[in-house]
Structure formats: structure tokens, C-alpha cells
Amino acid sequence: EPEVTQTPSHQVTQMGQEVILRCVPISNHLYFYWYRQILGQKVEFLVSFYNNEISEKSEIFDDQFSVERPDGSNFTLKIRSTKLEDSAMYFCASSSGQGALQPQHFGDGTRLSIL
Amino acid sequence: GQSLEQPSEVTAVEGAIVQINCTYQTSGFYGLSWYQQHDGGAPTFLSYNGLDGLEETGRFSSFLSRSDSYGYLLLQELQMKDSASYFCAVRYGQNFVFGPGTRLSVLP
């Protein structure tokens, strides 16, 4: 069964540095998402992406964050000037359609640790 | 508003039936989804309700009442592997809001 893959599985970065989290969505999916989950807390929506542009973003997704689909397969989340509170699990997800009926398939996540 | 409420924890024994409730306060509601997440794992889609009523998928069923802004996930014939966190989620446009999650512990 096709799956969403994320790299790296764990990223350790010094505060103030930039990080890029990478995702390869399922190949025939058109909608892409990033979520954040702080340890022990709920999954928080960051951004959705369709047709090479952001569809919607949450209040969390400020100027510190950006997303890009640099080629036909990768979908990246860049975090600039990282802060301690950016430490969390970041999940990428993709879906074939827009409706809520279309399930989102999640990757295994990247654990980001800011020191 | 975009607020969802779930019980924080539920405990049950193997073979039992458990119901996890979700209430929401929304505008522009597009339906209620349920996801399962094991510790250290990724959320996995379980079910979706766009209309009122019950949707059944094997041991799991999900119910929605839009007039009451309420839904639930029903898990039957509980197994140890069902121990996980369960999140309800609502879509607003392309923005998805997850509930705080319910941690289900299944005891032998």
C-alpha cells in the first residue's frame, strides 16, 4: 500500500537555526498538509497546499514557516530562526481529494528537537 | 468558533464496548472524522460522517447528530491493540481542527 514518507525521523537543531523537513506524499494525491503535535498534546493543523499554493493556514503558521513543492514528488516545511517551543513532532499528510470524506494519509512524522 | 471537546481518558476491558464522545462548536461544518494514534505513531483515518446517522466499519462505528453538534466513536469487541488515542476532527474549508484526543486503555 502506498504511504507518505518523511525524512529525517529525528532532527536536532540549535535554537536560531533553520530546518527543512521533507515529505514525499502518495504519488497520485493532490492535497498536502503539515501538522504539529507537541508531546502529549493534540494534533494541530499548520497548513494545506494544493495546486502549488497554500490553500489555508492556521494562526501557528506565521512568517517563520514556509512550504514548498520543489519538484513533482517532494513537499517541504521550512522553519526559520527556530525557537525552543518549536520542538514537536511534525506530520505530513496527503489526500486524493478535498472533501473530508477523503481520508488524510499521515507520514510517520519528524521529531524536531530544538536545543 | 472551532472548539472540539472529548473526554481525556477512557478505560475498558477486553471484549467490552466503549463509546468516545465528541462535541463541537463550529460554523461552516463539513463533517466529522475520527483518527486513531498509537503512542509514537502517526494518526490513522478511521471513519467519516458527513450526514446524520451511523456509519459502520467492522468493529468500529461512528455517529453524528448535526442538530446536537455531537458525534461519537463506538468500538466493539475491544482488543488490547485498540489501546491508543482517538481524535475527532472537523474540516473548515481546507483547515482541519483536531480534538484534544481521548486516550483509551484496554485492560485484560
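What you see is a predicted model, and the numbers here were worked out from it, not measured in a lab. Residue numbering restarts at 1 for every chain, and letters A, B, ... go by the order of the sequence lines.
For A:E59, the CD atom counts as loosely surrounded, since its 6.0 Å shell holds 12 or fewer non-hydrogen atoms of other residues, nucleotides or ligands. Remark: B:N21 CG is packed, more than 12 non-hydrogen atoms of other residues, nucleotides or ligands lying under 6.0 Å away. Heavy-atom contacts from other residues, nucleotides or ligands closer than 6.0 Å to CG of A:D63 number 12 or fewer. No more than 12 heavy atoms of other residues, nucleotides or ligands sit less than 6.0 Å from atom CD of B:E77. Summarising the local packing, CG of A:L39 is surrounded by 12 or fewer heavy atoms from other residues, nucleotides or ligands at distances under 6.0 Å.
Counting all heavy atoms, side chain and backbone alike, A:F91 lies closest to B:Q37 at CZ-NE2, 3.6 Å. Taking every heavy atom of both residues into account, B:A42 and A:F106 meet most closely at CB-CB, 3.9 Å.
By the criterion of side-chain heavy atoms lying less than 4.5 angstrom apart, applied directly or through intervening Ile, Leu, Val, Met, Phe, Trp or Tyr residues, A:F32 is grouped together with A:Y90 in one hydrophobic cluster.
With a threshold of 4.5 angstrom between heavy atoms, A:Q37 approaches chain B through side-chain atoms but not through N, CA, C or O. Within the 4.5 angstrom heavy-atom criterion, no atom of A:Y50 approaches chain B.
In this structure, A:K42 NZ and B:S85 OG are separated by 14.0 Å, a value rounded to the nearest 0.5 Å. To the nearest 0.5 Å, atom OG1 of residue B:T44 and atom NE2 of residue A:H105 are 10.0 Å apart.
Between A:F45 and B:F96, the ring planes lie tilted relative to each other; the angle falls in the 30° to 60° range.
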